[in-house]
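Every chain is numbered from 1 and lettered A, B, ... according to where its sequence line falls, protein lines coming before strand lines.
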Protein chains: 2
Amino acid sequence: MSIRESGATAARKGPLRQDTVVDTALALVNLGGLESLTMRRLSDTLGTQPPALYRVFPDKDALLDAMADAVLAGALGPLPEADWETRVHVLADRLRSALLRQRDGARIVGGAYTTRQPTLAIADSLLSAMGEAGFTEKAAMWAVTTVFSFILGEALEQQGRTDVDLEHVKATLPAQEYPHLARHPLPALLDFDARFAFGLQTIMAGLRAARAHRPPA
Amino acid sequence: MSIRESGATAARKGPLRQDTVVDTALALVNLGGLESLTMRRLSDTLGTQPPALYRVFPDKDALLDAMADAVLAGALGPLPEADWETRVHVLADRLRSALLRQRDGARIVGGAYTTRQPTLAIADSLLSAMGEAGFTEKAAMWAVTTVFSFILGEALEQQGRTDVDLEHVKATLPAQEYPHLARHPLPALLDFDARFAFGLQTIMAGLRAARAHRPPA
DNA sequence: ACCTGAACACCGTTCAAGT
DNA sequence: ACCTGAACACCGTTCAAGT
């Protein structure tokens, strides 16, 4: 697969724009991972010199923040008119998908600290749902962060461990030292969809139990 | 605070040992953050030349893996003889403390992928507790990963956002676009202990509800 | 206004050579 | 066996200069 085919290049006319730089940067990460993203390679792909980038972003961290925003923007969209639980579920699934869609998406989002449009929009939607559930104001905030931390942690694990050879681990695992691990099905660790589904359901069940019991409208 | 006072130096006799290198590296991170850790600075602090490190670790990633193990080792220790819920709770608290004790601990652990002694020991203890709770084998695995992902995500957030000026966010927050955010107490986001306590309790409640209902022994 | 050329102060890593 | 000296191929970032 050439760079051109996978969209890591940008035929440009006129001055360098933020979106172009961000899109190209994300495409580069998709090709070679986050550590392969350098200002030099990026400027190369854009057909400019490194200093040209510093007219668009003050430094690499600012670029990474913008990339995080772009990744999170993938989780935006209209929500179904439904009860709070299904809305949280939908938002959680979307957030996870947005992180997984981009190579190293979780690391990009987790590393950046941005409080801009997509972050705020997602947080607001989640808060809206939690408010409806009948949490106190603080509890609603913490319900949001709980869901978010779980999603981020799971995506991080999934995108991190790409080529674990579970066979090796299983083979070299000293069964008498770790009796429970030895007795459990290690491949279940790699079934990330099931992991996520289980965890999200667990958290939802916990939230259902923890919320103040308002009479349903 | 000088480097010597904070333990980032090591008077050495005899050849360079793994522990010394790892301890010094962690001390350097405590001083200046993960990005300040370079092989050159590390060798400087150890009183050697950079190539000497490559006789102890094949590359920087291997060193980071060993650092992750050392951080996780902080969560080891004897467990109280108690029901599965309190054991999970104790393990979760310890794991979080171990991550927070070391600057950038969550990033070090989240970035490494090691399946060595401390990781396995912690996983085994958690699995033991989950098994007792009456989960199926797979569900027990996923219960462990759920707790772990949440802990990692929370620690990452806490260690990442060190100097957020919530005042600024609050002040510039367009209230009509994010009505729920505007109505909720943003400072609750920085009460990381309460966030964690809420989340862990939520997950525990969810696990209690989701487990197979065996008769108590 | 927007970009290039050239440089600065770093990186991780390798390799020959020293003791 | 263990380490040093010197180098290679990179980094992010700055700054003068070009158009």
Between B/E137 and A/R183, is a salt bridge (Lys or Arg N to Asp or Glu O under 4.0 Å) present by the stated rule, with each step listed?
-> CA-CA 8 Å; B/E137 290 187 330; A/R183 212 176 292 125; over 6 Å; no
Give me the one residue out of B/V21, B/L72, B/V29 that meets side chain to side chain contact (heavy atoms under 4.5 Å, CB included) with B/M67.
-> B/V29
Taking the side chain as every heavy atom from C-beta outward, state whether B/Y54 and B/M39 have any atom pair closer than 4.5 Å.
-> yes
For the residue pair B/L156 and A/L156, establish whether any side-chain heavy-atom pair is separated by less than 4.5 Å.
-> yes
Using 30° and 60° as the class limits, which term best fits the ring planes of B/F198 and A/W142: parallel, tilted or perpendicular?
-> tilted
Quick one: the dot-bracket string of DNA chain D, using Watson-Crick and G-U wobble pairs with both distances under 3.5 Å, [ ] for crossing pairs and | for bases paired to another strand.
-> ||.|||||...|||||.||
Could you tell me which non-hydrogen atom of A/S36 sits nearest to which non-hydrogen atom of A/L28, and how far apart they are?
-> OG-O, 3.8 Å
Can you list the steps and then say if B/S149 with A/E154 is a side chain to side chain donor-acceptor pair (under 3.5 Å)?
-> CA-CA 5 Å; B/S149 289; A/E154 280 289 319; 2.8 Å; yes
Which atom pairs link the protein and nucleotides 10-17 of chain D when you take only N or O atoms and keep those under 3.5 Å?
residue : atom : partner : partner atom : Å
D/dC11  : N4   : A/R40   : NH2          : 3.2
D/dG12  : OP1  : A/M39   : N            : 3.2
D/dG12  : OP1  : A/K60   : NZ           : 3.0
D/dG12  : OP2  : A/M39   : N            : 2.8
D/dG12  : N7   : A/R40   : NE           : 3.3
D/dG12  : N7   : A/R40   : NH2          : 2.9
D/dG12  : O6   : A/R40   : NH2          : 2.4
D/dT13  : OP2  : A/Y54   : OH           : 2.7
D/dT13  : OP2  : A/K60   : N            : 3.0
D/dT13  : O5'  : A/Y54   : OH           : 3.3

Whole-Å gap separating C1' (D/dC2) and CZ (B/R55) | 5 Å
d(CG, A/L46; P, C/dC3) in whole Å = 10 Å
Should the pair B/D193-B/R96 be classified as a salt bridge under the 4.0 Å nitrogen-to-oxygen rule?
-> yes
Rounded interatomic separation in angstrom, taking CZ from B/R17 and P from D/dC3 = 12 Å
